[in-house]
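Predicted, not measured: the structure shown is a model, and the values here were computed from it.
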Amino acid sequence: MRRLKSAALTEFKAKDIFRASGLPLLGISNLRVENDRKKIREGTKLSPLLLVRDTRNGKVVIADGYHRLCAVYGFAEDALIPCKIV
C-alpha cells in the first residue's frame, strides 16, 4: 500500500486494463457497477484504479477499482482511466 500511495498517477485505456488483468466484464446488472455508472452520468469524478503488476503470471492485479473499471468500459472501451500502478 505504501508503494501505491506514492506512485505517480498515470492513465490507461479501459480495454487495455481488462486485457492485462484477464478479468471478465461485469454487467450493468451488478449494483456496484450501476452505482458507478450513475456517478459518471452525473459528472462525479471517480477515484483512480490501483493496479499491481504480477510479473510472475504476466498479468495486472486490480487491487481497487474493478467495479469502476467495468462502469467506465460500459461507456467507452477506449476511455482513459486514471491509475496508480506498481
Side-chain angles (χ1 to χ4, degrees):
M1 285 305 298
R2 197 171 331 135
R3 288 176 45 209
L4 279 170
K5 284 183 181 181
S6 64
L9 199 59
T10 188
E11 293 181 325
F12 296 103
K13 289 183 180 183
K15 66 182 179 184
D16 294 336
I17 299 169
F18 267 115
R19 187 177 304 118
S21 72
L23 294 171
L25 176 65
L26 296 175
I28 59 171
S29 61
N30 183 289
L31 184 59
R32 291 180 64 191
V33 172
E34 186 50 40
N35 286 341
D36 286 334
R37 288 175 57 83
K38 181 180 177 188
K39 289 178 186 178
I40 293 167
R41 284 190 296 272
E42 292 171 349
T44 303
K45 279 192 158 191
L46 301 178
S47 299
L49 303 186
L50 302 181
L51 308 174
V52 178
R53 290 182 179 97
D54 179 0
T55 54
R56 181 177 296 154
N57 295 307
K59 296 197 183 264
V60 169
V61 175
I62 301 173
D64 185 55
Y66 179 46
H67 294 91
R68 292 189 300 274
L69 173 61
C70 292
V72 171
Y73 188 94
F75 284 102
E77 66 181 32
D78 287 326
L80 289 173
I81 300 179
C83 304
K84 289 189 170 199
I85 187 167
V86 294

Exercise: identify the closest heavy-atom pair between L26 and N30
CD1-ND2, 3.9 Å
Steps toward side chain to side chain contact (heavy atoms under 4.5 Å, CB included) verdict (K39, L46):
CA-CA 8 Å; K39 289 178 186 178; L46 301 178; 3.9 Å; yes
Any non-hydrogen side-chain atom of V60 less than 4.5 Å from a side-chain atom of D54?
no
Within this structure, what is the CG-CD1 distance for the pair N35 and I40, rounded to the nearest 0.5 Å?
11.0 Å
Which residues satisfy the side chain to side chain contact (heavy atoms under 4.5 Å, CB included) test with A76, sequence neighbours excluded?
A79
Only pairs at least two apart or in different chains count here, so list each ring-ring contact (aromatic ring centres under 6.0 Å, His included) that has a residue in residues 31-57.
none
Under 4.5 Å side-chain heavy-atom separation, chaining through any Ile, Leu, Val, Met, Phe, Trp or Tyr, what else clusters with V52? Say none if it is isolated.
M1, L4, L50, V61, V86
Hey, can you pull the donor-acceptor pairs under 3.5 Å for the side chains in residues 11-22, sequence neighbours left out?
from	atom 1	to	atom 2	distance (Å)
K15	NZ	D78	OD1	2.8
D16	OD1	R19	NH1	2.8
S21	OG	I17	O	3.3
S21	OG	F18	O	3.1
S21	OG	L23	N	3.2

Are V33 and L25 connected into the same hydrophobic cluster when the rule is that any two of I, L, V, M, F, W, Y join if their side-chain heavy atoms are below 4.5 Å apart?
yes
From T10 atom OG1 to I81 atom CD1, the distance as rounded to the nearest 0.5 Å
12.0 Å
Taking the side chain from R68 and the backbone from P48, do they hold a donor-acceptor pair closer than 3.5 Å?
yes
Name all residues meeting the side chain to side chain contact (heavy atoms under 4.5 Å, CB included) criterion together with S6; count only those two or more places apart in sequence or in a different chain, and write none if there are none.
none
Quick one: CD1 on I62 to CG on L69, what's the gap to the nearest 0.5 Å?
5.0 Å
Quick one: do K84 and L9 satisfy side chain to side chain contact (heavy atoms under 4.5 Å, CB included)? Show the steps, please.
CA-CA 5 Å; K84 289 189 170 199; L9 199 59; 4.0 Å; yes
Contacts of R41 meeting side chain to side chain contact (heavy atoms under 4.5 Å, CB included) (sequence neighbours excluded), chain-then-number -> E34, R37, K38, F75
